[in-house]
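None of these values were measured; they are calculated from a predicted model.
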Amino acid sequence: MLNGQNEAAIEGFQKCLLSDPKDAAVHYALYQVYLKTEHYTEAVSHTKAAASLDPSNRQYQRELAFMYQQTGQTKLAAETFEKLLKEEPKNVDYYSGALAAYTDLKAAKKAVNLLGRMEEALGSNPGIAIERFKLYSQLNQDKEAEAALQVARKQFPNEASIIANLVDFYFKKDRFSEGFAMLKELVAADPQNGMALLMYGEMLYRSGNVQEGMRYLKQGIQAEGPTIDQKMSVLIMMQNQASTDPDMEKLVQYMTKRYPSDAKAHSIAGDFYYKAGRLPEAISAYRETTKCDPNLYPVWNQLLVLEFEAQQWASLQIDAAQCVGVFPNQPLPHFLNGLVQNRLQQFKQAAADLELADGLVLNDNQLLAEINVQKGIALFGLQQESLAHLAFKEALSLSQSNPAVQLQYIHELLLRHIEEASANEWLEALLLQHPKTPLYLQEKAFAFFQQKKYAEAQSLVLLLEQTELTESVAYLELKGDILFKLGQMEPALEQWKLARSKGEGSIRLDEKIAKRTYIEIY
């Protein structure tokens with residue numbers, strides 16, 4: 001038996017019983033083996049035999065009582081525990097067993113009586129008071145239930161479990177002012193009780209004491225007890241405030257460390273960093289979210305859009321492909337796949353991805369317009385110029401001649417030296433309508449560059465130094481290109497490196513830096 005050879009043990013003990021069927025110790029040993037092997041019917045039978053053959057052995061009687069309890073013979077369990085208590089009235093295990101049996105039998109009055117005897121035998125303690133409260137509650141005797149806790153509270157004034165039960169009792173009975181007062185006592189008695197901290201903080205917050213309420217809410221978020229959903233609801237409320245709380249970053253970092261495998265924790269960190277304008281950190285947090293739970297399309301959507309805005313092309317390529325694998329019927333990841341393939345000059349694959357995206361779009365002309373822009377770029381790359389022009393014209397029609405789409409069309413024509421005269425005329429018309437728009441002026445500088453009018457290009461670029469474009473990768477890379485063509489190698493290299501620090505830039509940017517020379521895209 002001690003070696004775990006259960007079948008051999010049973011066989012051996014059965015032989016012993018053949019020799020002496022009234023050996024209580026053998027029956028008890030068989031009970032132990034059958035219990036280990038989950039043969040409960042046999043276990044009960046041999047426990048009964050052992051207890052019957054040696055009624056003075058309390059261990060046998062105790063095991064019999066617990067076996068009755070385990071096999072649902074609750075009344076017999078209660079009776080056996082009561083017999084044991086007569087012999088050993090200070091044994092806590094017997095009281096616990098009998099109390100559990102009376103609770104299962106819904107014999108609340110007997111249970112209350114038992115608790116009184118337990119208190120006489122062992123003295124008062126918070127556990128007995130709480131059990132008495134629960135039993136009176138089962139009997140719908142609210143006055144007696146409350147009185148049991150109030151008496152215990154006087155005996156044990158700093159016992160958090162008693163205060164917590166009073167809080168729960170008052171709120172269930174809609175006695176909110178008393179519950180609120182008890183909550184204040186509870187957080188003082190148990191400052192690590194996360195649920196109490198959240199409840200008290202929320203009540204303070206909703207009653208107009210916002211600053212004090214937030215203090216307790218923050219403590220509750222970082223304490224044990226509340227679920228992640230309960231903590232998340234508080235964090236969302238904090239994020240929706242007009243002013244950003246200075247402790248918010250510390251709280252979202254706590255959540256990601258405390259719940260590293262839960263998508264919700266990383267998602268709320270992403271929301272915080274996005275709202276704060278810290279895109280690289282937002283992207284990282286959203287990516288962690290998708291690792292925890294890849295089935296959250298809104299998070300994928302946010303991740304891909306932010307990678308596009310930050311021009312993190314390498315990451316976008318990986319993440320868009322992964323998103324397509326999980327959500328093959330969503331158009332955006334197919335579109336972004338096509339966009340990245342265009343940048344890599346893999347035009348055939350880009351065209352295929354963009355066709356898939358086109359077929360999945362429903363009632364979204366803006367996205368359809370962008371898909372057609374990328375189709376045009378892919379078709380130009382495949383030297384299908386007439387089809388490329390048609391794609392761009394479709395994009396213009398869908399976008400109602402959006403200037404941003406016009407600018408993309410112009411740039412592609414200038415970049416490839418296709419119909420440059422028409423492109424320049426179109427650009428001049430845009431500048432006439434919007435003479436101070438930085439992006440249009442930057443495109444004009446690019447047009448000069450493509451015409452090898454480097455001095456004119458530089459003068460326009462210098463005009464833009466006081467605009468927000470100075471932080472963009474495209475502006476800095478163009479500035480470096482112009483400087484190189486003007487024979488200023490070191491300043492050009494400096495601008496290219498600065499551009500690279502802001503993002504990935506054109507497909508040739510890394511090569512320009514490595515080879516210290518200008519390289520055409522096509």
Participant: Spell out, as yes or no, whether a donor-acceptor pair under 3.5 Å connects the side chain of E511 to the backbone of R508.
Facilitator: no

Participant: Without swapping roles, check the side chain of E504 against the backbone of A314 for a donor-acceptor pair under 3.5 Å.
Facilitator: yes

Participant: Inspect the surroundings of CD in Q345 and state if more than 12 heavy atoms from other residues, nucleotides or ligands are less than 6.0 Å away.
Facilitator: yes

Participant: Looking at side-chain heavy atoms only, is the closest gap between Y102 and E82 below 4.5 Å?
Facilitator: yes

Participant: If I compare all heavy atoms of G220 with all of P226, which pair ends up nearest, and what's the gap?
Facilitator: O-CG, 3.9 Å

Participant: Measure across A351 and A378 and return the closest heavy-atom pair with its distance rounded to 0.1 Å.
Facilitator: N-CB, 4.2 Å

Participant: Output yes when a side-chain donor or acceptor of T37 lies under 3.5 Å from a complementary backbone atom of V33, and no otherwise.
Facilitator: yes

Participant: With no hydrogens and no angle check, is any side-chain donor or acceptor of N3 less than 3.5 Å from a backbone partner on Q5?
Facilitator: no

Participant: Determine, stepwise, if the pair Q349 / D353 fulfils side-chain hydrogen bond (donor to acceptor under 3.5 Å, both in side chains).
Facilitator: CA-CA 6 Å; Q349 180 59 50; D353 287 327; 3.2 Å; yes

Participant: With side-chain contact (heavy atoms from CB on, under 4.5 Å) as the test, would you mind laying out the steps for Q230 and M199 before giving the verdict?
Facilitator: CA-CA 10 Å; Q230 289 166 328; M199 288 174 67; over 6 Å; no

Participant: Between H334 (side chain only) and P328 (backbone N and O only), is there a donor and an acceptor less than 3.5 Å apart?
Facilitator: yes

Participant: Can you tell if the side chain of M248 reaches within under 4.5 Å of the side chain of K275, non-hydrogen atoms only?
Facilitator: no

Participant: Angle between ring planes, Y200 versus F180, binned at 30° and 60°: parallel, tilted or perpendicular?
Facilitator: tilted

Participant: Supply the atom-to-atom distance M255 CE to S267 OG, rounded to the nearest 0.5 angstrom.
Facilitator: 10.5 Å

Participant: Considering all heavy atoms of both residues, which atom of I163 and which atom of M182 are nearest to each other, and what is their separation?
Facilitator: CG2-O, 3.5 Å

Participant: So, Q69 side chain and G97 main chain: donor-acceptor pair closer than 3.5 Å or not?
Facilitator: yes

Participant: Measure across N91 and D93 and return the closest heavy-atom pair with its distance rounded to 0.1 Å.
Facilitator: OD1-N, 2.9 Å

Participant: L99 vs L135, test: side-chain contact (heavy atoms from CB on, under 4.5 Å). Steps then yes/no.
Facilitator: CA-CA 10 Å; L99 187 62; L135 289 166; 4.1 Å; yes

Participant: So, do R62 and Y94 sit near enough that their side-chain heavy atoms are less than 4.5 Å apart?
Facilitator: yes

Participant: So E79 and Y68, do their side chains get closer than 4.5 Å, heavy atoms only?
Facilitator: no

Participant: In Å and rounded to the nearest 0.5 Å, what is the CZ to OG distance from R343 to S506?
Facilitator: 7.0 Å

Participant: Using ring-ring contact (aromatic ring centres under 6.0 Å, His included) as the criterion, point out the one residue from Y31, Y40, Y34 that pairs with H46.
Facilitator: Y34

Participant: Testing the basics here: between D358 and K375, what is the closest heavy-atom pair and its distance to 0.1 Å?
Facilitator: OD2-NZ, 2.6 Å

Participant: Within the side chain of K90, is there an N or O that forms a donor-acceptor pair under 3.5 Å with the backbone of A121?
Facilitator: yes

Participant: Going by side-chain hydrogen bond (donor to acceptor under 3.5 Å, both in side chains), E307 matches just one of Q312, R287, Q317. Which one?
Facilitator: R287

Participant: Take F66 and F81, measure what ring pair (Phe, Tyr, Trp, His ring centres under 6.0 Å) needs, and give me the verdict at the end.
Facilitator: CA-CA 9 Å; F66 281 113; F81 280 123; 4.9 Å; yes

Participant: Is any side-chain heavy atom of N125 closer than 4.5 Å to a side-chain heavy atom of I128?
Facilitator: yes

Participant: Nearest 0.5 angstrom please: R153 CZ to I162 CD1, how far?
Facilitator: 10.0 Å

Participant: With side-chain hydrogen bond (donor to acceptor under 3.5 Å, both in side chains) as the test, would you mind laying out the steps for Y170 and E146 before giving the verdict?
Facilitator: CA-CA 9 Å; Y170 286 135; E146 181 183 1; 3.0 Å; yes

Participant: Return the CG to OH distance between D247 and Y254, rounded to the nearest 0.5 Å.
Facilitator: 14.5 Å

Participant: Heavy-atom distance under 4.5 Å between the side chains of W300 and Q322, does that happen here?
Facilitator: yes

Participant: Flag the pair Q239 / I268 as yes when at least one side-chain heavy-atom distance between them is below 4.5 Å, and no otherwise.
Facilitator: yes

Participant: Counting distance only, does the side-chain N/O of S137 pair as donor-acceptor with the main-chain N or O of F133 below 3.5 Å?
Facilitator: yes

Participant: Using only atom types and a distance under 3.5 Å, with no angle test, would you say the side chain of K231 pairs donor to acceptor with the backbone of I221?
Facilitator: yes

Participant: Drop me the distance from E88's CD to R58's CZ, to the nearest 0.5 angstrom.
Facilitator: 5.0 Å

Participant: So, do C292 and T289 sit near enough that their side-chain heavy atoms are less than 4.5 Å apart?
Facilitator: no

Participant: Please say whether more than 12 non-hydrogen atoms of neighbouring residues, nucleotides or ligands are located less than 6.0 Å from OH in Y274.
Facilitator: no

Participant: Starting from the C-alpha separation in whole Å, work towards a yes-or-no answer on side-chain contact (heavy atoms from CB on, under 4.5 Å) for V361 and F335.
Facilitator: CA-CA 10 Å; V361 177; F335 161 67; over 6 Å; no

Participant: Crowded around E309 CD? As in, over 12 foreign heavy atoms under 6.0 Å?
Facilitator: yes

Participant: Determine whether a donor-acceptor pair (N or O, by modelled atom type, separation under 3.5 Å) exists between the side chain of T80 and the backbone of A65.
Facilitator: no

Participant: side-chain contact (heavy atoms from CB on, under 4.5 Å), that's the test. Do M1 and K36 meet it? Break it down for me.
Facilitator: CA-CA 10 Å; M1 182 178 74; K36 282 182 191 176; 4.0 Å; yes

Participant: At their closest point, which heavy atom of E63 faces which heavy atom of T47, and how far apart are they?
Facilitator: C-CG2, 3.8 Å

Participant: Could you give the distance from CG (D104) to NZ (K75), rounded to the nearest 0.5 Å?
Facilitator: 15.0 Å

Participant: Yes or no on salt bridge (charged side-chain N to carboxylate O under 4.0 Å, His left out) for R132 and E144, after CA distance, side-chain angles and deciding distance?
Facilitator: CA-CA 9 Å; R132 183 177 283 116; E144 291 81 355; over 6 Å; no

Participant: Run the salt-bridge test on R215 and E212 with the 4.0 Å N-O cut-off and return the result as yes or no.
Facilitator: yes

